[in-house]
Colleague: 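Starting off with a structure, shown below.
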There are 2 protein chains.
Amino acid sequence: MVLKQRAKVQALPGCPMSKCMGLLGGLWTPELIWALNDGARRFSELRRDCPFISAKVITSRLRDLEQRGVLSRRVMPTSPPTVEYDLTPLGRELLPAIKSIVEVGSRLLLRDKH
Amino acid sequence: MVLKQRAKVQALPGCPMSKCMGLLGGLWTPELIWALNDGARRFSELRRDCPFISAKVITSRLRDLEQRGVLSRRVMPTSPPTVEYDLTPLGRELLPAIKSIVEVGSRLLLRDKH
DNA sequence: CGGTATCCCCTATGATACTG
DNA sequence: CAGTATCATAGGGGATACCG
């Protein structure tokens with residue numbers, strides 16, 4: 001029998017949706033990116049903006065997004081330490097899609113009420 | 001690139017993004033909805049359109065989306081059986097957001113090449 | 001044709017506690 | 001302030017076989 005080498009979920013190369021969803025992967029990722037809509041934020045600010053996301057997950061997503069080139073991380077040599085996260089141009093390209101998601105969500109919520 | 005598994009979205013009632021992402025939940029869900037963009041499709045057509053999604057997952061997502069009111073399932077009394085899936089008005093509301101995702105993805109792919 | 005049934009892995013997320 | 005470490009878990013997803 002063949003050892004099951006579990007195939008990882010691969011994005012189809014050249015598939016637009018995979019390309020974008022790869023960046024938005026993770027349950028809270030869009031929320032985090034959205035929180036950077038108005039400019040750079042510090043870690044504690046993000047925690048306050050997204051109190052429903054645990055610190056661990058925030059860190060994890062931020063690291064991931066940093067590596068994918070979606071956002072940048074700047075450590076300032078202060079005491080206590082200050083760290084700022086900001087969207088890169090690539091990250092900013094994702095905003096229209098996220099905005100669309102928020103807008104649709106809003107309309108759906110309105111519909112629910114009526 | 002490895003796509004992330006998406007965790008289940010249920011938290012935060014009343015939050016637009018959760019509302020929308022709840023419907024788009026599931027790694028392959030947007031692809032499926034997108035496949036219904038041009039009208040009703042049969043199960044086997046969806047399988048052909050999305051050969052990278054296993055039958056199990058297609059079924060699972062379709063059932064889920066049906067229950068959430070995103071799409072409808074129509075069984076025709078033929079032999080062999082014929083089943084048609086189609087977007088509901090609610091499902092059609094999601095298309096702009098998905099379109100946005102596709103568009104961003106396309107632009108990102110173009111960028112990669114240059 | 002349009003699915004189920006099984007089995008099993010994997011990863012994202014949570015909760016809690018701790019640190020330079 | 002800005003994280004790590006550790007332990008635990010649900011459920012998504014893959015592969016394969018089988019069914020009315």
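Values below: all heavy atoms of this structure, side chains included; hydrogens, waters and symmetry mates excluded. Numbers restart at 1 for each chain; the letters A, B, ... are given by sequence-line order, proteins then strands.
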Colleague: Check salt bridge (Lys or Arg N to Asp or Glu O under 4.0 Å) between E84(B) and all other residues, then give those that pass, not counting sequence neighbours.
Modeller: R74(B)

Colleague: Taking only side-chain N and O atoms of R42(B), does any of them lie within less than 4.0 angstrom of OP1 or OP2 on dG2(C)?
Modeller: yes

Colleague: Is there a side-chain contact (heavy atoms from CB on, under 4.5 Å) between D64(B) and V70(B)? Walk through the geometry before answering.
Modeller: CA-CA 9 Å; D64(B) 190 50; V70(B) 171; over 6 Å; no

Colleague: For E45(A) and dA2(D), what is the distance between atoms CD and P respectively, to the nearest whole Å?
Modeller: 8 Å

Colleague: Give the nucleotide from the list dG13(D), dG3(C), dT13(C) with an atom nearest to the side chain of W28(A).
Modeller: dT13(C)

Colleague: Partners of R47(A) by side-chain hydrogen bond (donor to acceptor under 3.5 Å, both in side chains), sequence neighbours excluded?
Modeller: none

Colleague: Rounding to a whole Å, what distance do you find between R74(A):CZ and dA2(D):P?
Modeller: 13 Å

Colleague: dG2(C), OP1 or OP2 - any side-chain N/O from R48(B) closer than 4.0 Å?
Modeller: no

Colleague: Rounded to whole Å, please give me the gap between CG in L27(B) and P in dT13(C).
Modeller: 13 Å

Colleague: Any idea which of dA2(D), dT13(C), dG13(D) is nearest the V57(A) side chain?
Modeller: dT13(C)

Colleague: Summarise protein proximity over nucleotides 15-20 of chain C in one line of letters, 5' to 3': B for base, S for sugar-phosphate only, - for none, counting protein heavy atoms closer than 4.0 Å.
Modeller: B----B

Colleague: Which residue pairs satisfy the side-chain hydrogen bond (donor to acceptor under 3.5 Å, both in side chains) criterion with at least one member in residues 90-105 of chain A, sequence neighbours excluded?
Modeller: E93(A)-R107(B), E93(A)-R111(B)

Colleague: Which listed nucleotide (dC1(D), dG3(C), dG3(D)) is nearest to the side chain of F43(A)?
Modeller: dG3(D)

Colleague: Closer than 3.5 angstrom, by distance alone: can the side chain of S60(B) be matched with the main-chain N or O of K56(B) as a donor-acceptor pair?
Modeller: no

Colleague: What residues form a side-chain hydrogen bond (donor to acceptor under 3.5 Å, both in side chains) with T78(B), not counting sequence neighbours?
Modeller: T82(B)

Colleague: For R63(A), what residues pass the salt bridge (Lys or Arg N to Asp or Glu O under 4.0 Å) criterion, not counting sequence neighbours?
Modeller: none

Colleague: Report the distance from atom CG of L62(B) to atom P of dC1(C), rounded to the nearest whole Å.
Modeller: 16 Å

Colleague: Taking only residues at least two apart or on different chains, which pairs with a member in residues 50-86 of chain A satisfy ring-ring contact (aromatic ring centres under 6.0 Å, His included)?
Modeller: W28(A)-F52(A)

Colleague: With sequence neighbours left out, which residue pairs that include part of residues 21-46 of chain A fulfil the salt bridge (Lys or Arg N to Asp or Glu O under 4.0 Å) condition?
Modeller: R41(A)-E45(A), R41(A)-D49(A)

Colleague: Measure the distance from CZ on R63(B) to P on dA5(C) and round it to the nearest whole Å.
Modeller: 11 Å

Colleague: To the nearest Å, how far apart are I53(A) CD1 and dA12(C) P?
Modeller: 15 Å

Colleague: Take atom CG of D49(A) and atom P of dA2(D), then tell me their distance rounded to the nearest Å.
Modeller: 13 Å

Colleague: Give one of base, sugar-phosphate or nothing for R47(B), where a contact means two heavy atoms less than 4.0 Å apart.
Modeller: nothing

Colleague: So if I take the C1' atoms of five pairs at each end of the helix from dC1(C)-dG20(D) to dG20(C)-dC1(D) and get each local axis, what angle do the two axes make, rounded to 10 degrees?
Modeller: 60°

Colleague: For L24(A) and dA12(C), what is the distance between atoms CG and P respectively, to the nearest whole Å?
Modeller: 15 Å

Colleague: Taking only the side-chain nitrogens and oxygens of R73(B), find out if one of them lies under 4.0 Å from OP1 or OP2 of dG2(C).
Modeller: no

Colleague: Classify the nucleic acid contact of T82(A) as base, sugar-phosphate or nothing, counting any heavy atom under 4.0 Å across all strands shown.
Modeller: sugar-phosphate

Colleague: Under the side-chain contact (heavy atoms from CB on, under 4.5 Å) criterion, do L24(B) and C20(B) qualify, and how do the steps go?
Modeller: CA-CA 6 Å; L24(B) 296 184; C20(B) 185; 4.2 Å; yes

